[in-house]
Amino acid sequence: MKWYAVPDIKQSSEPFIKKVKVGGKNICIVNYQDSLYGVGAICPHAGAELSGGWCKDGKIICPFHRYGYDLQTGRGNPGQNDFIETYPIEVRDGQLYVGIESFWNKVFGK
């Protein structure tokens, strides 16, 4: 796994959803109930930008059709049969980092 620094985002007590591009991927950084999450930025259902959505009950909600995705697992709501990618987040010395696993590591489990 490779870790990428995310500039201009600091952990705060205010909830937010911010889209960033790191490691060649568009990712939403979400601050929900004082925890940080990294999830894919595009809704697989209709291609909407999840950064325009909101969070409710531990899920990010798509602004187009209100599809919901668990912030921890990426799993869609029951009946959706879809998911979004999730990415680990770390804060080191006040700097936010996102972990991105390479395609080959996913395939071969390294």
Item to check | Closest contact, heavy atoms only, Gly76 versus Tyr69 | outcome: CA-CD2, 3.6 Å
Item to check | Aromatic Tyr97 / basic Arg92 pairing, under 6.0 angstrom, 45° off normal | outcome: yes
Checklist entry - Given Asp34 and Ser13, is the side chain to side chain contact (heavy atoms under 4.5 Å, CB included) satisfied, shown in steps? => result CA-CA 6 Å; Asp34 295 326; Ser13 60; 4.2 Å; yes
Checklist entry - Quick one: CG on Leu50 to CD1 on Ile60, what's the gap to the nearest 0.5 Å? => result 5.0 Å
Next on the checklist: Quick check for you: to the nearest 0.5 Å, what is the distance between Glu85 atom CD and Ile100 atom CD1?
Outcome noted: 10.0 Å
Item to check | Minimum side-chain heavy-atom gap Cys43-Ile84 below 4.5 Å | outcome: no
Next on the checklist: Can a donor-acceptor pair be found, under 3.5 Å and without considering hydrogens, that links the side chain of Gln95 to the backbone of Val6?
Outcome noted: yes
Checklist entry - With Lys59, which of Thr73, Asn77, Asp70 fulfils side-chain hydrogen bond (donor to acceptor under 3.5 Å, both in side chains)? => result Asn77
Item to check | Taking every non-hydrogen atom, the tightest pair across Tyr87 and Lys25 | outcome: OH-CD, 3.4 Å
Checklist outcome for this item: So CG of Asp8 and NZ of Lys18: to nearest 0.5 Å the spacing works out to 8.5 Å
Next on the checklist: I need the Leu71 CG to Gln33 CD distance, nearest 0.5 Å.
Outcome noted: 9.5 Å
Next on the checklist: Strictly distance-based, threshold 3.5 Å: is any side-chain N or O of Asn31 a donor or acceptor partner for the main-chain N or O of Glu14?
Outcome noted: yes
Next on the checklist: Is it the case that the side chains of Gln80 and Asp82 hold a donor-acceptor pair, with the cut-off being a distance below 3.5 Å and no angle test?
Outcome noted: yes
Next on the checklist: Suppose the criterion is ring pair (Phe, Tyr, Trp, His ring centres under 6.0 Å): which pairs have a residue in residues 8-62, not counting sequence neighbours?
Outcome noted: His45-His65, His45-Tyr67
Checklist entry - For the residue pair Gly52 and Pro63, what are the closest heavy atoms and their distance? => result O-CB, 3.6 Å
Item to check | Phe64 atom CZ: more than 12 heavy-atom contacts under 6.0 Å | outcome: no
Checklist entry - Is there a chain of hydrophobic side chains (I, L, V, M, F, W, Y, each step under 4.5 Å between heavy atoms) that links Ile17 to Val39? => result yes
Checklist entry - Does Glu49 reach the side chain of Cys62, with side-chain heavy atoms less than 4.5 Å apart? => result no
Checklist entry - Between Ala41 and Cys28, what is the shortest heavy-atom contact and its length? => result CA-SG, 3.7 Å
Item to check | Minimal non-hydrogen separation, Val22 against Tyr4, with atom names | outcome: CB-CB, 4.1 Å
Checklist entry - Do Val30 and Ile27 share a hydrophobic cluster (ILVMFWY, side-chain heavy atoms under 4.5 Å, transitive)? => result no
Item to check | Residue pair Lys19 / Ser51: nearest heavy atoms and the distance that separates them | outcome: CB-CB, 3.9 Å
Checklist entry - Val98 and Ile89: side chain to side chain contact (heavy atoms under 4.5 Å, CB included), yes or no, with the steps? => result CA-CA 5 Å; Val98 175; Ile89 301 287; 3.6 Å; yes
